[in-house]
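Since we're looking at a predicted model, the values are computed, not measured. In listed order, ligands and their atoms are each counted from 1.
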Amino acid sequence: MAATVGTGTTAGGDAVQAAGTDLRNVDGPLGVELKKNVKDAWWRAMVHARKDVVGLDSAILQRPEVWKASGHVDGFSDPLVDCRECKARFREDHLDDAVCGNKAFNGRKATKCRDAGFFTEPRQFNLMFETHMGPVKDSASVAYLRPETAQGIFINFTNVTNSSRVKPPFGIAQIGKSFRNEITPGNFIFRTREFEQMEMEYFVPPDEWEKWYAYWRDRRYQWYVDLGMRKEKLRIRDHESDELAHYANACVDVEYEFPFGWSELEGIASRTDFDLKQHEEHSGKEMKFFDDQSKSHYHPYVIEPAAGVDRATLAFLVDAYEEEQLEKEKRTVLHLHPRLAPVKVAVFPLVKKDGMPERAHAIEDDLRRWTNVFYDESGAVGRRYRRQDEVGTPICVTVDGQTAEDNSVTLRDRDSMEQRRVNLDALEGELRRSLEV
Ligand code: ATP
């Protein structure tokens, strides 16, 4: 599957990888389209389709003061243990699925190494990547790569409220890279050190937080369902009170049942007024909202849906994948929602003669104005359909002998494999309807 769509090549594994290996995160030509479509679907649902949310693109590098205020400098850490026997490192709170790094033990569970007394005492390991700004490397020049996009939204709260006509309830949304020096990256692109987040901070009057928390929990679950994810593979899990982050008074995770078990896709947290108050205190700049009707200043409460682009992409891929047994053969098919499919339409001439390639190229060029098209004339047409099924292309358009006679083409549907004829004059409308664009 990975090879087919080609997104992400992080080497998995439970033990810490050699420096640099997981920086090979890369999206191949189809993977980059898939991820872009996930981000576009999120932006469309969270920003364009709403009157109450605006977008932002804040800085990746931030001064330590920002991360001191948010609590990341002091508290954004995981417990790290070393195995004296195999020299691997583990996250102490993620031992259940971890495997010993010593090949001689042949996949032995890390918990056995722990029980055998091989582990060191846990040390708190801060996950932020540190760097320096400017030519002089001293403590005054320290900066951090953001471990989440959210803080960039909080520190720009006043900029947005001063420059846009927004008032609570309203949201600020952002998609961008975040960086965490994870102790155990792995499970393909589920956990990497460089990843993308889609986060929205929704600012509400304090007495309305419960209503909006319930609203966003339901909305965010529904987003995955609307994009075709199977409900039986999705669940909402409430955080126990001892699991809550220091800034939250309530939190749920949307989880997906991956082949490696139920795991978090997204968290929806009620962050109270913690962040705005913290940044106000540390920066000395007031971060209240002024309500010109009641003439009062107040700190809004915040509901935050925080999703991972890479995790959502992986879940959509896993969920869409099928090896379907047909009468005479097995076909591999990705049932991706049309809005997520990397290629929307494939155009084929039935054979490479009688003017069919020229006609097919003309259709390709015409469709390229508004969608992502793939042209293919090599091999039997059945083989070409299969190749498109494997990458999840919802519709194939085939030019054949009849096209020259009556200006019609064949439209072939990925999921049902049914074919029907459509006049070229109606093609764009038909495709737009089927692709839901
Ligand atoms: P986890 O418990 O899995 O480490 P988290 O609860 O720390 O995740 P958040 O801080 O809530 O994650 O981040 C919001 C979202 O960002 C997560 O739900 C996930 O989709 C994504 N995310 C977080 N860390 C990573 C990572 N290392 N690699 C890929 N995606 C990530």
Side-chain angles (χ1 to χ4, degrees), residues 7-14 16-17 22-25 27 35 38-39 42 46 67 70-72 75-80 90-98 125-129 145-153 173-201 216-217 220-221 223-224 229 234-240 243-248 250-256 258 260-271 275 302-318:
T7 184
T9 56
T10 308
D14 296 296
V16 166
Q17 296 153 13
D22 78 302
L23 297 180
R24 278 193 236 133
N25 301 352
D27 294 309
K35 265 175 66 172
V38 170
K39 288 183 271 184
W42 187 88
M46 300 295 281
W67 306 111
S70 67
H72 284 81
F76 194 55
S77 45
D78 284 335
L80 170 78
F90 301 97
R91 230 179 106 169
E92 200 208 16
D93 57 338
H94 276 192
L95 279 186
D96 285 349
D97 302 320
F125 173 75
N126 195 296
L127 299 183
M128 283 198 294
F129 280 103
L145 273 69
R146 66 181 177 202
E148 61 176 33
T149 63
Q151 298 307 320
I153 296 178
Q174 170 157 239
I175 299 179
K177 288 251 177 176
S178 293
F179 305 82
R180 295 182 189 179
N181 199 359
E182 297 280 0
I183 298 169
T184 52
N187 280 334
F188 192 49
I189 54 170
F190 180 82
R191 185 179 303 285
T192 55
R193 292 187 177 123
E194 177 181 333
F195 55 97
E196 273 181 288
Q197 291 185 306
M198 307 182 281
E199 297 194 293
M200 198 264 286
E201 308 305 319
W216 282 111
R217 185 192 57 208
R220 292 305 306 148
Y221 172 86
W223 183 75
Y224 296 95
M229 212 174 267
L234 273 174
R235 73 178 183 196
I236 288 182
R237 190 182 66 79
D238 269 298
H239 277 213
E240 304 293 335
E243 227 187 313
L244 285 177
H246 60 279
Y247 51 75
C251 187
V252 290
D253 286 345
V254 179
E255 296 188 334
Y256 181 79
F258 287 96
F260 48 84
W262 286 98
S263 305
E264 175 183 336
L265 290 182
E266 162 162 3
I268 297 104
S270 163
R271 298 185 75 121
D275 303 270
V302 174
I303 308 300
E304 174 197 72
V309 177
D310 312 80
R311 285 190 192 178
T313 302
L314 184 61
F316 282 123
L317 256 184
V318 167

### Pairwise side-chain contact, Y221 with M229, heavy-atom cut-off 4.5 Å (strictly under)
no

### Message
Ring of W262, cation from R235 - is the NZ or CZ under 6.0 Å from the centre and inside 45° of the axis?
### Response
yes

### Query
Numbering the atoms of ligand 1 from 1, which are under 4.0 Å from a heavy atom of R180?
5 (P), 7 (O), 9 (P), 10 (O), 12 (O), 13 (O), 23 (C), 24 (N)

### Atoms in ligand 1 with a heavy atom of F190 nearer than 4.0 Å
28 (N), 29 (C), 30 (N)

### Query
Do the side chain of N126 and the main chain of M128 share a donor and acceptor less than 3.5 angstrom apart?
yes

### Message
Which residue and atom name correspond to the protein heavy atom nearest atom 21 (C) of ligand 1, and how close is it?
### Response
G308 CA, 3.7 Å

### Message
Starting from atom 4 (O) of ligand 1, what is the nearest protein heavy atom, named by residue and atom, and what distance separates them?
### Response
R191 NH1, 2.7 Å

#### Entry: Option with minimal heavy-atom separation from atom 14 (C) of ligand 1, where the choices are Q197, H94, R311, E243
Q197

### Task
Report the part of T192 (side chain from C-beta onward, or backbone N, CA, C, O) that has a heavy atom under 4.0 Å from ligand 1; answer both or neither where that applies.
both

### Message
Which option wins on minimum heavy-atom distance to atom 8 (O) of ligand 1: E304, E264, E182?
### Response
E264

### Message
Just checking Y256 against Y224, ring centres under 6.0 Å apart?
### Response
no

### Query
Hey, mind stepping through Q174 and E199 against side chain to side chain contact (heavy atoms under 4.5 Å, CB included) and telling me if it holds?
CA-CA 5 Å; Q174 170 157 239; E199 297 194 293; 5.6 Å; no

### Sub-3.5 Å N/O-N/O distance, I189 and ligand 1
no

### Message
Give me the nearest non-hydrogen protein atom to atom 22 (N) of ligand 1 as residue plus atom name, then the distance to 0.1 Å.
### Response
F195 CE1, 3.6 Å

### Task
Classify the contact between L265 and ligand 1 as side chain, backbone, both or neither, using a heavy-atom distance cut-off of under 4.0 Å.
backbone

### Task
Scan side-chain atoms only and decide if S70 and Q151 contain a donor-acceptor pair under the 3.5 Å cut-off.
no

#### Entry: Per-residue contact class, E266 against ligand 1 - non-hydrogen pairs under 4.0 Å
backbone

### Query
Going through the distances and angles, do R191 and R91 end up as a side chain to side chain contact (heavy atoms under 4.5 Å, CB included)?
CA-CA 13 Å; R191 185 179 303 285; R91 230 179 106 169; 3.7 Å; yes

### Message
For atom 15 (C) of ligand 1, what is the closest protein heavy atom, and at what distance to 0.1 Å?
### Response
A306 O, 3.7 Å

### Summary
Nearest heavy-atom contact between W216 and M200 is CZ2-CE, 3.4 Å

